[in-house]
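Here is the structure we will look at.
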Amino acid sequence: MTARHLTSIAVVVPCYNEELNIDVFYTSLRSILETLHIPYQVIFIDDGSSDQTLALLNKLADQNKEVSVLALARNFGHQMALTAGLDHVEADAVITMDSDLQHPPEVIPQMLRAYESGFEVVYAIRESETFRGPVKRLTASVFYSLMQHITSLPVIPGAADYRLVSRQALLVLREMREIHRYLRGMVPWMGFPYAVVTYAPRDRHAGTTKYTLSRMTQLAKHGLFSFSTFPLTVITWLGVILSALAGIYLIYIFMITVVFPVSGVVPGWASVIVVLLIVSGIQLISLGVLSQYVGMIFEEVKDRPLYVLKQKRLQRDKDES
Ligand code: UDP
Ligand code: MG
C-alpha cells in the first residue's frame with residue numbers, strides 16, 4: 001500500500017427531522033475540518049423532514065460556502081438519503097455520518113490518516129456496545145453473526161454508516177443501483193482494503209431515533225435477502241429431507257399393508273393431522289421465503305430512480321454563479 005496525499009474532503013450527512021441538532025452538529029464538524037487545512041465540502045440531505053430542518057440547512061448554506069443542500073421530495077429513508085449525497089459529491093475522500101452527534105467528528109482526522117496510508121475504505125466503529133439496550137445488542141449480534149455465516153462478507157460488528165470511502169471506492173459504489181440498499185453490505189462487498197478506527201459511543205444530542213423496530217427489520221431483511229440466496233437453499237433442503245422421510249414412511253406403509261399385512265391397523269387420525277400440519281407449515285414458510293425474493297425482484301425490475309430531488313443546491317453551482 002502506498003502513501004498518498006489528500007487534496008479534498010467531502011462529508012455526506014442525511015437529516016430527517018433534525019432541527020435541534022443541525023447547528024450544533026455543523027459547528028462541531030466545522031471546528032474539526034478547519035484544523036485540517038484541506039479544502040472540504042459538507043453536503044446535507046434533507047430526507048423529507050416535516051420540521052424546520054430544510055430551512056435551517058438552507059440558512060447554513062447561505063452562511064457557509066462549503067455547505068451544499070439536497071432535499072428529497074419525501075422521506076426516502078436513510079440509505080437513499082446517503083445514496084443521494086454520494087451521487088453528488090466530488091472529493092478524494094468522502095465521509096458519511098449521522099447528524100445527531102452520535103458519530104463524533106473528532107475521529108475524522110484518524111480516518112483521513114488511514115486514507116493517506118492507502119486504505120480505500122475506513123470504518124468508524126463503536127468501541128463498546130454497552131450503551132445500547134440489551135434487546136438491540138442481542139438482535140444486532142444475532143443478525144451480524146447470521147450475516148457473517150451465510151454471506152461470507154466481512155461484516156464488521158458495530159460498524160454503522162459512519163465511514164470513509166475513497167474516490168475509487170465511491171465510483172464503484174455509484175455503479176450499484178439496487179433499490180434494496182444495504183450500504184453496510186455493499187461497501188464490504190466491493191472488497192477494497194479497509195481500516196477500522198474506534199470511537200466512544202454517545203447518546204443522541206436531541207430528538208428521538210428514526211430507526212423504529214419495523215425500519216430495523218426492513219434493513220435487516222435487505223441485508224440478508226439481497227446478499228444471499230441461503231434462505232432458498234434452506235427451504236430446498238427442507239423439501240428434500242421431508243420427501244425422504246415421506247418416502248421411508250411410504251415403504252413402511254407398503255410393508256405393513258401389502259408385504260406383511262398386519263391385522264387391525266387402525267387409521268391413525270392423529271398422526272395424519274400432525275403430518276399434515278407440519279408439512280403445510282413448512283410449505284407456507286417456503287412460499288413465504290420465495291415470495292420475499294419475488295417481491296424484491298418485482299421492485300428491482302421497475303428500475304425506478306432511487307430517490308427524487310425537490311431541491312439541489314450544490315456548492316459548485318454557487319461557485320459558477
Ligand atoms: N435519517 C434519514 N432518514 C430517515 C431516518 C434517519 O435521513 O428516514 C438520518 C437521521 O437524521 C440521522 C441518521 O439518518 O442523521 C441516523 O438516524 P437515527 O439517528 O434516527 O438512527 P440511530 O442512530 O438511532 O440508528
Ligand atoms: Mg442516531
Side-chain angles (χ1 to χ4, degrees), residues 11-29 42-57 60 67-89 94-105 107-108 123-141 143-144 156-163 179-184 187 199-223 306-311:
V11 184
V12 172
V13 193
C15 308
Y16 178 49
N17 292 341
E18 301 282 8
E19 59 183 3
L20 298 174
N21 292 323
I22 283 164
D23 285 330
V24 195
F25 169 79
Y26 188 67
T27 309
S28 79
L29 176 66
V42 179
I43 182 162
F44 287 99
I45 305 93
D46 172 51
D47 188 12
S49 300
S50 51
D51 64 0
Q52 290 304 305
T53 299
L54 182 56
L56 288 173
L57 292 177
L60 269 189
V67 173
S68 299
V69 180
L70 296 176
L72 305 188
R74 62 169 168 86
N75 180 243
F76 278 84
H78 185 200
Q79 303 290 306
M80 291 305 176
L82 282 171
T83 306
L86 293 173
D87 286 347
H88 289 90
V89 284
V94 177
I95 295 170
T96 53
M97 65 194 297
D98 290 356
S99 51
D100 57 6
L101 290 140
Q102 279 187 307
H103 294 163
V107 296
I108 289 179
Y123 299 100
I125 68 169
R126 296 176 285 257
E127 65 193 14
S128 100
E129 295 285 291
T130 44
F131 86 109
R132 302 207 287 177
V135 177
K136 204 156 179 174
R137 256 186 294 159
L138 181 74
T139 50
S141 86
F143 173 70
Y144 284 119
I156 298 132
D161 288 298
Y162 191 8
R163 67 173 94 73
I179 198 154
H180 298 98
R181 297 186 92 66
Y182 182 66
L183 286 159
R184 292 173 207 183
V187 174
Y199 65 87
R202 299 188 196 170
D203 279 336
R204 223 169 200 286
H205 173 69
T208 53
T209 176
K210 278 83 197 176
Y211 268 102
T212 54
L213 188 64
S214 77
R215 284 200 171 207
M216 298 284 288
T217 321
Q218 187 81 3
L219 189 67
K221 193 186 96 180
H222 288 178
L306 299 178
Y307 52 84
V308 179
L309 291 177
K310 70 175 176 196
Q311 181 201 304

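The residues of the chain are indexed from 1 along the displayed sequence. Both counts, for ligands and for their atoms, begin at 1 and track the order of listing.
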Exercise for the section: Compare all side-chain heavy atoms of Asn21 with those of Arg204 and state whether any distance is below 4.5 angstrom. Expected result: yes

Handout entry: Metal check, the Mg ion (ligand 2) vs Asp98 N/O/S, cut-off below 2.8 Å
Key = no

Fill in the blank from the handout: Which of Val13, Val11, Leu54, Val12 passes side chain to side chain contact (heavy atoms under 4.5 Å, CB included) with Phe44? Answer is Val13

Practice task
Tell me which protein heavy atom sits closest to atom 21 (O) of ligand 1, plus the residue, atom name and distance to 0.1 Å.
Solution key: Tyr211 CD1, 3.2 Å

Practice task
Number the atoms of ligand 1 from 1 as they appear, then name those within less than 4.0 Å of a heavy atom of Asp100, with their elements.
Solution key: 19 (O), 23 (O)

Handout entry: Candidate with minimal heavy-atom separation from atom 8 (O) of ligand 1, of Gln102, Met80, Lys210, Arg215
Key = Arg215

Practice task
Determine the interplanar angle of the His103 and Tyr162 rings, folded into 0 to 90°, and report it as parallel if under 30°, tilted if 30 to 60°, perpendicular if over 60°.
Solution key: parallel

Practice task
Report the distance from atom OH of Tyr199 to atom CZ of Arg126, rounding to the nearest 0.5 Å.
Solution key: 5.0 Å

Problem - Nitrogen or oxygen atoms of Pro14 and ligand 1 under 3.5 Å apart - result: yes

Handout entry: Atom indices of ligand 1 within 4.0 angstrom of Glu18 heavy atoms, with elements
Key = 10 (C), 11 (O), 12 (C), 15 (O)

Fill in the blank from the handout: Within 4.0 Å of some non-hydrogen atom of Thr209, the atoms of ligand 1 are 20 (O), 21 (O), 22 (P), 24 (O)

Handout entry: Angular separation of Asp100 OD2 and Gln102 OE1 about the Mg ion (ligand 2), given to 10°
Key = 100°

Problem - Within reach of ligand 1, part of Asn17 (heavy-atom separation under 4.0 Å) - result: neither

Completion exercise
Nearest heavy atom to atom 4 (C) of ligand 1, choosing from Asp161, Leu72, Asp47, Thr208, belongs to Asp47

Completion exercise
d(Asp87 CG, Leu309 CG) to nearest 0.5 Å is 9.0 Å

Exercise for the section: With heavy atoms of Asn75 as the reference, note each atom of ligand 1 found under 4.0 Å away. Expected result: 3 (N), 4 (C), 8 (O)

Exercise for the section: Flag Tyr211 as yes if one of its N/O/S atoms falls below 2.8 Å of the Mg ion (ligand 2), otherwise no. Expected result: no

Exercise for the section: Please examine the side chains of Lys310 and Arg74, heavy atoms only from C-beta on, and report whether any two atoms are closer than 4.5 Å. Expected result: no

Problem - Flag, side chain of His180 to backbone of His222, donor-acceptor distance under 3.5 Å - result: no

Completion exercise
of all protein heavy atoms, closest to atom 1 (N) of ligand 1 is Tyr16 CB, 3.7 Å

Problem - Greater than 12 external heavy atoms within 6.0 Å of Gln52's CD - result: no

Completion exercise
protein heavy-atom neighbour closest to atom 14 (O) of ligand 1 works out as His78 CD2, 3.2 Å

Exercise for the section: Looking only at protein heavy atoms, identify the closest one to atom 16 (C) of ligand 1 and say how far it is in Å. Expected result: Asp98 OD2, 3.2 Å

Exercise for the section: Measure the spacing between CG of Asp161 and NE2 of His78 and express it to the nearest 0.5 Å. Expected result: 5.0 Å

Handout entry: Note, Met216 side chain near Thr139 side chain (heavy atom, < 4.5 Å)
Key = no

Practice task
Give yes if a backbone or side-chain nitrogen or oxygen of Arg204 is under 3.5 Å from a nitrogen or oxygen of ligand 1, and no if not.
Solution key: yes

